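For reference, the structure discussed in these notes is given below.
It should be emphasised that the depicted structure is a prediction, and the values quoted were computed from it without experimental measurement. Hydrogens, waters and symmetry mates are skipped; everything else that's a heavy atom, side chains included, is used. Convention: sequence-line order gives letters A, B, ...; per-chain numbering from 1.
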Amino acid sequence: MKRTNNCGELRKEDSGKKVAISGWVHKYRNLGGLIFLDVRDRHGITQVVFDPKVLPDEIISKAGSCRNEFVVTVSGTVQIKPEPNKNLATGEIEINADGIVIENASVTPPFNFLNGKSDAKEESRLQYRFIDLRSEKMTNNLLIRHKVTMAVRNYLSDKGFIEIETPTFSKSTPEGARDYLVPSRLYPGMFYALPQSPQIYKQLLMVAGQDKYFQIARCYRDEDSRKDRQPEFTQIDIEQSFVSQDEIFELTEGMFRDLFEKAAGIKLKTPFERMPYQKAMDDYGVDKPDLRYGLKLKNVTDITRNSGFKVFSDAPCVKFLPVPGISEYSRKQISAIEDHAKHLGAKGLAFAKYIDGKLDGGISKFLSEKETSEIISRSELKENNGLIFFGADKEDMANKVLGGVRIKLAEELNLYDPEEFRFCWITDFPLFSYNEEEQRWEAMHHMFTMPKPEFLQDMIDGKNLEKILGQLYDLVANGVELASGSIRIHNSELQEKVFSILGMPKEEYETKFGAMLNAFRFGAPPHGGIAPGLDRLVAMICKEDSIRDVIAFPKAKNQNCMMMNAPSEVSQDQLDELFLEIKKH
RNA sequence: GGUCCGGUAGUUCAAUCUGGUUAGAGCACCUGCCUGUCACGCAGGAAGUUGCGAGUUCGAGCCUCGUCCGGACCGCCA
């Protein structure tokens, strides 16, 4: 028997048609005489009814033997149901069966689907991923992911970009994340590295005159996972020659508008807001602010330098977070927030209540009148009550703690609309930051970024490094970094200058980046690009908290695949061929 | 590497705080009944190395230590 329709497409207009559908038994209801099977495939669920008045015993007993997740093909006639099922798209019809083939039985499944989702913990879902992916929720997530990549491919292709694949066996460049290494059989003791991103290849493609390139590119970074970070993940990698930052923004905005519309029917407003990095850090304490709600941080370092309150006067930076309307917070609630702050690295979390125009409780008694009035006026608390949290520490720690507390409170107080998408470009990132521990300069982002023109001379002179801003940008939505890009250096001398600022001797950067430097000497066009993270983007559209739920076969926390049991040991022969020895520890 | 949460029937959870009878419930599974269900219903049944290993105790699912697995966060992630 061959199916004529899928399980999601029959409607009352099809009434009277002879059809056959194939799928999994989603649910069976045996009423003793009448038997109902809900048959499910990727497209939907269709109810089939077996009527013993007209069917031979053999068919009835076969239908009655079906259990959840059996694979069946059922033939019959489409008919209108006496009472429609409003929960199903096919709910107005059913198939009045005249035959059934059990294609395959199933042992009792480890879990079932409830409300379209697997009713199991993630541990089982990852182990039995092939069953989990049958759920409506996961099927839909994979479909949305497909729609996003299709929209991206069509959009970029229409704009004159071509998709070019780059190698996954590449060269290790130990800056940045840890590399995944692949031992070479033909070169004993040598290794390929899986690319952390196609960065150098895409720049070489620009030198190669390919003008506009993109790739749905798999990237590999051997760092500890998070709910938004997997050891392998996918970037929408885009690079273009003779392009400005504004043109990249316009291209990206158009692409996001298009894919949100096509994948989710959501209309985004463009152009997106723009915010310099420094303002994001000052107001929100993070470089990826969630702008769906306010709760801005305030700085009072200027007036607390000479404070009588030692915690403030000793601190290099004092910022505070005024939160309107929660002056009635209990000691327990405040203490829970303090625990969160400590978890982020704070020594403690000072607070004061704002009631009837005055500061009360907490540390309020240690503050002078001037400090109190400045704090109240800078808090911009309009209501007559609120709660103020203080961060007194090094600036980056104060930002981290108050920025983290801000996010926690916004969740706790439901300060944002989960349906809203609030995009923002973060611009003007510094190029370099000084690593105190290692006593050297580091690239804040990556080392191929062009400075803004007004800082070019300082960079050539190696002066005021901490002040140099780059043509460097992130795209942030709802507090999530969705994309990152820059205008690149295309001049070998300037690129060498950056390597030397980062403390790399010539021999070292020639070994690591020789190919790129050499290419730049052969007529490299100015170029730049951007790389949105596909997994985070799709997770946001699907309203999933973890990118694991938008990846067909993700790794668990510890980078293992619970379904395949990877990684695994290999044979001694395999090791011998690769000239590898396992060190016992 | 660190902090925290979880691991009990196929599965999701309860019993753990306050150690004490035969470790319970929903779904799934098995048997019987049931002709319009749609998360069908009714009656009955089977199902447990309480992740693993030590320790404390007259007695441990429960307390302690170690270990493994899953998750959140810090570190890390150019």
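- At the heavy-atom level, A:Arg125 lies nowhere under 4.0 Å from the strands shown.
- A:Asn112 comes within 4.0 angstrom of sugar-phosphate atoms only, judged by non-hydrogen atoms across all strands, and of no base.
- Residue-to-nucleotide contacts include no donor-acceptor pair under 3.5 Å from the side chain of A:Arg221 to the base of B:C77.
- Closest-nucleotide positions on RNA chain B for A:Val49 and A:Pro109 were compared, and the one nearer the 5' end corresponds to A:Pro109.
- Nucleic acid contact for A:Tyr28: sugar-phosphate only, since backbone atoms but no base atoms lie under 4.0 Å from a heavy atom of the residue.
- Judged by distance alone, with hydrogens and angles left aside, A:Lys81 brings a side-chain donor or acceptor within reach of the base of B:U37, the pair sitting under 3.5 Å.
- Within the nucleic acid shown, A:Arg226 comes within 4.0 Å of at least one base atom, counting heavy atoms only.
- Of the nucleotides present, B:G41 is the one that pairs with B:C33 by Watson-Crick or G-U wobble criteria, both distances under 3.5 Å.
- For the residue pair A:Asp428 / A:Gln278, no side-chain donor-acceptor distance below 3.5 Å is found, with atom types taken as modelled.
- Note on A:Asp222: nothing from the nucleic acid sits closer than 4.0 angstrom, heavy atoms only.
- Note: A:Phe513 and A:Phe448 meet the aromatic proximity criterion, with ring centroids under 6.0 Å apart.
- With both pairing distances under 3.5 Å, B:G53 is matched to B:C65 as a Watson-Crick or G-U wobble pair.
- Stacking annotation: A:Phe36 is stacked on the base of B:U37 (ring centroids less than 5.5 angstrom apart, interplanar angle below 30 degrees).
- A donor-acceptor pair shorter than 3.5 Å can be found between the side chains of A:Asn141 and A:Glu544.
- Base engagement by A:Leu114 is indicated by at least one non-hydrogen atom pair under 4.0 Å involving a base atom.
- Picking from B:C30, B:A39, B:U8 the nucleotide with the shortest atom distance to the side chain of A:Lys121 gives B:U8.
- The same atom, C1', is picked in B:G36 and in B:G24; the two are 35 Å apart, to the nearest Å.
- B:C17 and B:C33 have their C1' atoms separated by 46 Å, given to the nearest Å.
- Here A:Ser124 lies in heavy-atom contact (under 4.0 Å) with sugar-phosphate atoms only.
- Here, B:U21 and B:A39 have their P atoms 41 Å apart, quoted to the whole Å.
- Residue contacts shown for A:Lys27 are limited to sugar-phosphate atoms, with no base heavy atom under 4.0 Å away.
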Quiz prompt | Test log, rule salt bridge (Lys or Arg N to Asp or Glu O under 4.0 Å), inputs A:Lys17 and A:Asp14 | solution = CA-CA 6 Å; A:Lys17 277 188 195 158; A:Asp14 299 302; 2.6 Å; yes

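- Between the side chain of A:Glu122 and the base of B:G6, no donor-acceptor pair of N or O atoms lies under 3.5 Å.
- A cation-pi arrangement, defined by a distance under 6.0 Å to the six-membered ring centre and an angle within 45 degrees of its axis, is present between A:Arg67 and A:Tyr28.
- Along RNA chain B, the nucleotide closest to A:Asn30 and the one closest to A:Asn560 are compared, and the more 5′ of them pairs with A:Asn30.
- If you check every strand for non-hydrogen atoms under 4.0 Å, A:Glu442 touches nothing.
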